[in-house]
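In the text below, chain A, chain B and the rest are named by the order of the sequence lines, each starting its count at 1.
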Amino acid sequence: MASVVPLKEKKLMDVKLGELPSWILMRDFTPKGIAGAFQRGYYRYYNKYVNVKKGGVAGISMVLAAYVLFNYCRCYKELKHERLRKYH
Amino acid sequence: MNENLFTSFTSPTMMGLPIVTLIILFPSMLFPSPGRLINNRLTSIQQWLIQLTSKQMMLIHNHKGQTWTLMLMSLIMFIGSTNLLGLLPHSFTPTTQLSMNLGMAIPLWAGTVAMGLRTKTKASLAHFLPQGTPFPLIPMLVIIESISLLIQPMALAVRLTANITAGHLLIHLIGGATLALINISAITALITFIILTLLTVLEFAVALIQAYVFTLLVSLYLHDNT
């Protein structure tokens, strides 16, 4: 099936399911591309929740909650043994 | 119990990769840089706090000492934010590692000493002998003063490490005691829980105070040497 718009310029929501593998493969995976992806994600979050006229506590507390979750996943191996179970 | 208590202070690795650099770099994400005249709320609050702190801390210095403002302000922001983030559950606090605190204390102290020796050689060497000492005591006093000078960076680093590590250990121990006491006697568990709450409030204060003390002492050494 021929797409009217070339695959390279489509956003993720417009990509059809069958075209998904080729869309993923054509993304930029160089270090510059990955850095650009992190930068875009950071500014997307920042402009939506923090850089607004009447920002609240939600903007920064979501970041801190994600940090706590990340650290929990990091030490899960040691925390496994401290659960209240009969057999560990 | 023995191994469990200190595992939270080991260098963090995730699937074999050391991520301690990422964790040290994380607080910088929480301080966005002000781009405009009137910024968003987070940036305005941080700006106000930094102006308050810098005025309070840098007023005692002369012009030469005030060139260190950027260094001291970033130092207090880094130590304060790292200590406060360490109070979140399961997180790793880089300032509990003596290696990192030595890496902060020794260059800063050596910088102040070198600056004093270079610009005001006679005056900085004169600090080794307090005024009005009796003549026979002079050799001993010079030795004592030089020892107290050389111990300054060690004291800075060890003070920060010991305070933060001790606080974290106390929280671990008292939290474990509260959990263990619930099945035995609920009232004792409640008392222990109240102790835990008070301790957490203390730890918040200690986190900020330690940052302040570290920076204040460095600025004091600077004042002596400019």
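For B:Leu179, no part sits under 4.5 Å from any heavy atom of chain A, backbone or side chain. The parts of B:Phe92 that come within reach of chain A are both its backbone and its side chain, each placing non-hydrogen atoms under 4.5 angstrom from that chain. Residue A:Lys77 does not touch chain B at all, counting heavy-atom pairs closer than 4.5 Å. Using a 4.5 Å cut-off between heavy atoms, A:Val52 contacts chain B through its backbone alone, with no side-chain atom that close.
Judged purely by distance below 3.5 Å, without hydrogens or angles, the side chains of B:Gln47 and B:Asn39 pair a donor atom with an acceptor atom. Side-chain contact of B:Thr93 with B:His168: a donor-acceptor pair under 3.5 Å is present, judged by distance alone. Side-chain atoms of B:Ser91 and A:Asn71 include no donor-acceptor pair closer than 3.5 Å.
For the atom pair CG of B:Leu169 and OG1 of B:Thr96, the computed distance is 9.5 Å after rounding to the nearest 0.5 Å. Of the inter-residue distances, the one linking B:Thr112 atom OG1 with B:Leu117 atom CG reads 9.5 Å to the nearest 0.5 angstrom.
Chain B forms the most heavy-atom pairs under 4.5 Å with one residue out of A:Tyr42, A:Tyr72, A:Tyr67, and that residue is A:Tyr67.
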